[in-house]
Amino acid sequence: MAASAAAPRTVIENCAIATVDANDTEYASGYVVVAGNRIESIGAGKAPDNLENVVRRIDGTGHLVTPGLVNTHHHFYQWITRGLATDHNLFNWLVALYPTWARIDEQMTYSAAQGSLAMMARGGVTTAMDHHYVFPKGSGDLSGAIIRAASETGVRFTLARGSMDRSEKDGGLPPDFAVETLEGALAATEETIDKHHDASFDSMTQIAVAPCSPFSVSTELLRQGAELARRKGVRMHTHGSETVEEEKFCHELFGMGPTDYFESTGWLGEDVWMAHCVHMNDSDIEAFARTRTGVAHCPSSNARLAAGIARVPDMLAAGVPVGLGVDGTASNESGELHTELRNALLINRLSTVHRERALNARQALRLGTYGGAQVLGRASQIGSLEPGKLADLVLWKLDTLAHSSIADPVTALVLGAAAPVTLSLVNGRPVVEDSRLLHVDEDAIARSTRDEAQRLARIAAQA
C-alpha cells in the first residue's frame, strides 16, 4: 500500500545513493522522498518541487544513502561476557562459557540486549536479530525482556526463540541445569509466537523457531520444531556446519554430515536460514541452493574462534541467499555490522580459490542489506531503496578525514573506517542522528551493562 497524500514527507537530497536494487542502481547525486513509513520516490538530481506536507528537508551533501543494515545472527546476552576465553576454538569456548551463561536472569538479559542493540543501531543497523537459546529455570521472561529492549531502541526485530534439550548427561555441551525439556521448549516457543509474532508488511517484531545446534538439541526437537514453525507460518533458524568438530560429531552420532542430517529432520527450505556454514562441500552448497536455504555469514566470529573461511563466493554463484551476522559478542567483541561488511570482503579474499575476485565492495554491501532481508524472509519490504518499500535507510557521512579522499562512496563505506551515521530511519522514524541514539540513553546503558557483567561474574564465581 502506498503512503497517503497527507503523509508527512522527509526529503533527503544532494547525496550519493546506492539503492541495492536488482540492477544495483546508483546515483552520484540524487534524492530520496520518504512519506510516512514508506519510500515514495528516489532518483537523480533534485527532488520534485511540488511535494506537499514536507516536514523535513535534509541536505545530504558529502553523504551516501543506503538501505539500513540487516543483522541475521546474534546472541544479545553475550554482551555481558565479552573478552573471555579469547584463545579457544568453538567447542572449548562453549565449555568455558556455558557455566556462566547458564546463570543469566531477566535483568541481565534485558541489559545485554540494550547494549547489543544500541551498538548495532548506532552503526547503521535498522533490522536486528537475536538467537536466544539459554533459558535457565526461574530466570524470568527472557524473550519479553529482549523484545522490550528492541522496541525501546526503535529497530525492526526478529527474535529467533532458541532452545536446548541435549545437556552434558546426553552427550551435549550445556550443563544439565541449563537446558529445557523437549515438551517445555516446544510449548514456550509456541507461546512466544502466539504472543509476539506480527506477520504484517510493516511488522516491527517477528519470531522464528530456533533450536540451538545439532550438538545441543535432540533430533526430535529439530523435527517437532520444524513442524511447529510450518504450522505457525514462521521462519526457522539454527547453527550449521560451523566447525570440523561439528561435522565429526554429526558423523559419529547420526552417521551423516550436518547438511544431510538437517535435511532428514526437515531443516532445509526457503523458510530456513543457518548461521556460519563454514565447512560446506559442493554437495552441501547444491542442497542449500536447491532448497533456497539461507546462510548468515559471520566472518569476524569465524576468525575469532578459528572456525575457518566460509565459501561465500561459491554460495552466491550457486544461488544461495546469504546475509551477514555479528554473532554473539563473546566471539565478536565490537558487535558492529559494519565490521562484517569489511571483513566479509577481506577474509573471503584470503581463500586460495578466488583471491582478489572473491567479493567486491558492492557485493559486501548487498550481503549486509538485501541479502540479510532475503534470509529473514523480508526482501519484499526492506533491504533495498525502492518506491513502496519500508523507509529503513541510513545517511552515512563520508566527507570527513576518514573518507573524503576516496572517490567511490561505496568503497569508502565498506573498506574505510566506520562511517558516522548522520541519520538512520526505521519505518520512517529517526532512530539515530549525528551518531547518537534518539530513544535510549547510551551512557545509562553502558553503566547498566557494566554492572550486570560484574554481577554475573560474581554469581558464576560463587557457583
Side-chain angles (χ1 to χ4, degrees), residues 69-76 78-79 81-97 116 120 129-131 133 160 173 212-216 237-250 257-259 262 273-281 284-285 288 293-316 320-355 358-359 363-364 367-368 371-372 375 414:
L69 302 183
V70 178
N71 184 40
T72 63
H73 186 66
H74 209 319
H75 309 295
F76 290 175
Q78 293 181 16
W79 188 263
T81 60
R82 293 189 293 165
L84 305 177
T86 56
D87 302 310
H88 293 52
N89 67 23
L90 175 67
F91 274 28
N92 292 334
W93 176 82
L94 290 171
V95 170
L97 291 176
S116 296
M120 284 189 293
M129 174 274 184
D130 185 28
H131 184 192
Y133 52 83
L173 297 178
C212 182
S213 65
F215 49 84
S216 60
H237 181 60
T238 190
H239 296 87
S241 300
E242 186 172 0
T243 66
V244 292
E245 291 85 1
E246 178 189 331
E247 186 166 6
K248 180 181 178 183
F249 178 94
C250 288
T259 299
F262 282 128
W273 85 104
M274 295 191 196
H276 303 295
C277 299
V278 174
H279 297 277
M280 301 265 282
N281 59 33
D284 297 328
I285 292 175
F288 271 55
T293 303
V295 171
H297 176 43
C298 306
S300 296
S301 175
N302 293 344
R304 161 80 149 79
L305 296 173
I309 302 173
R311 295 174 57 187
V312 171
D314 296 329
M315 294 179 196
L316 294 175
V320 177
V322 182
L324 292 181
V326 167
D327 204 7
T329 47
S331 66
N332 175 1
E333 275 69 15
S334 74
E336 294 181 292
L337 199 66
H338 171 270
T339 305
E340 306 314 305
L341 295 177
R342 192 171 192 268
N343 284 349
L345 188 156
L346 296 179
I347 289 175
N348 279 282
R349 289 188 179 186
L350 292 176
S351 166
T352 58
V353 178
H354 301 286
R355 302 187 59 158
L359 290 177
Q363 288 173 305
L367 290 176
V375 303
V414 172

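Note that the numbering runs from 1 along the sequence shown for the chain.
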Exercise for review: Using ring-ring contact (aromatic ring centres under 6.0 Å, His included) as the criterion, list what pairs up with Phe76, not counting sequence neighbours.
Suggested key: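 Counting only residues at least two positions away or on another chain, Phe76 forms a ring-ring contact (aromatic ring centres under 6.0 Å, His included) with His74, Phe157.
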
Practice item. Please list, chain by chain and in numerical order, all residues satisfying ring-ring contact (aromatic ring centres under 6.0 Å, His included) with His237, sequence neighbours excluded. Key: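 His237 satisfies ring-ring contact (aromatic ring centres under 6.0 Å, His included) with His73, His131, Trp273 only.
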
Which pair of heavy atoms, one from [X] and one from [Y], lies closest together, and at what distance?
X: Cys277; Y: Met315; answer: O-CE, 3.2 Å
X: Ser116; Y: Trp79; answer: OG-CB, 3.5 Å
X: Thr72; Y: Ala296; answer: OG1-CB, 3.1 Å
X: Asp327; Y: Ser301; answer: OD2-OG, 2.6 Å
X: Ala358; Y: Pro313; answer: O-CG, 3.5 Å
X: His276; Y: Ala310; answer: O-CB, 3.9 Å

Point to revise | Qualifying salt bridge (Lys or Arg N to Asp or Glu O under 4.0 Å) pairs with a residue from residues 332-349, counting only residues at least two apart or across chains | key: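 Every pair satisfying salt bridge (Lys or Arg N to Asp or Glu O under 4.0 Å) with a residue in residues 332-349: Arg304-Glu333.
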
Practice item. Mind jotting down which residue pairs meet the salt bridge (Lys or Arg N to Asp or Glu O under 4.0 Å) criterion with at least one end in residues 237-246? Sequence neighbours excluded, please. Key: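 Residue pairs passing salt bridge (Lys or Arg N to Asp or Glu O under 4.0 Å), neighbours aside: none found.
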
Atom [atom1] in [X], atom [atom2] in [Y]: separation rounded to 0.5 Å?
X: Leu305; Y: Leu94; atom1: CG; atom2: CG; result: 8.0 Å
X: Gln78; Y: Ser331; atom1: CD; atom2: OG; result: 6.0 Å
X: Thr339; Y: Leu324; atom1: OG1; atom2: CG; result: 11.0 Å
X: Leu367; Y: Leu341; atom1: CG; atom2: CG; result: 8.0 Å

Practice item. Take Ser300 and Asn302, measure what side chain to side chain donor-acceptor pair (under 3.5 Å) needs, and give me the verdict at the end. Key: CA-CA 5 Å; Ser300 296; Asn302 293 344; over 6 Å; no

Does [X] reach the side chain of [Y], with side-chain heavy atoms less than 4.5 Å apart?
X: Thr243; Y: Asn89; value: no
X: Val414; Y: Leu345; value: yes
X: Leu84; Y: Leu97; value: yes
X: Met120; Y: Leu337; value: no

Review point. Taking only residues two or more places apart in sequence or in another chain, which ones pass side chain to side chain contact (heavy atoms under 4.5 Å, CB included) with Ile347?
Key: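 Applying side chain to side chain contact (heavy atoms under 4.5 Å, CB included) to Ile347 gives Pro299, Ala303, Ile309, Asn343.
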
Point to revise | Partners passing side chain to side chain contact (heavy atoms under 4.5 Å, CB included) against Ser241 (at least two apart in sequence or in another chain) | key: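 Ser241: side chain to side chain contact (heavy atoms under 4.5 Å, CB included) contacts with Pro258, Thr259, Met280.
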
Practice item. Could you check Phe215 against Phe91 for ring-ring contact (aromatic ring centres under 6.0 Å, His included), going step by step and ending with a plain yes or no? Key: CA-CA 10 Å; Phe215 49 84; Phe91 274 28; 4.8 Å; yes

Answer yes or no: is there a donor N or O on one side and an acceptor on the other, between the side chain of [X] and the main chain of [Y], under 3.5 Å?
X: His239; Y: Cys212; value: yes
X: Asn348; Y: Leu359; value: no
X: Thr238; Y: Met274; value: no

Check your understanding: For His354 and Asp314, does a side-chain donor sit closer than 3.5 Å to a side-chain acceptor?
Key ->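 Yes, Asp314 and His354 have a side-chain donor paired with an acceptor closer than 3.5 Å.
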
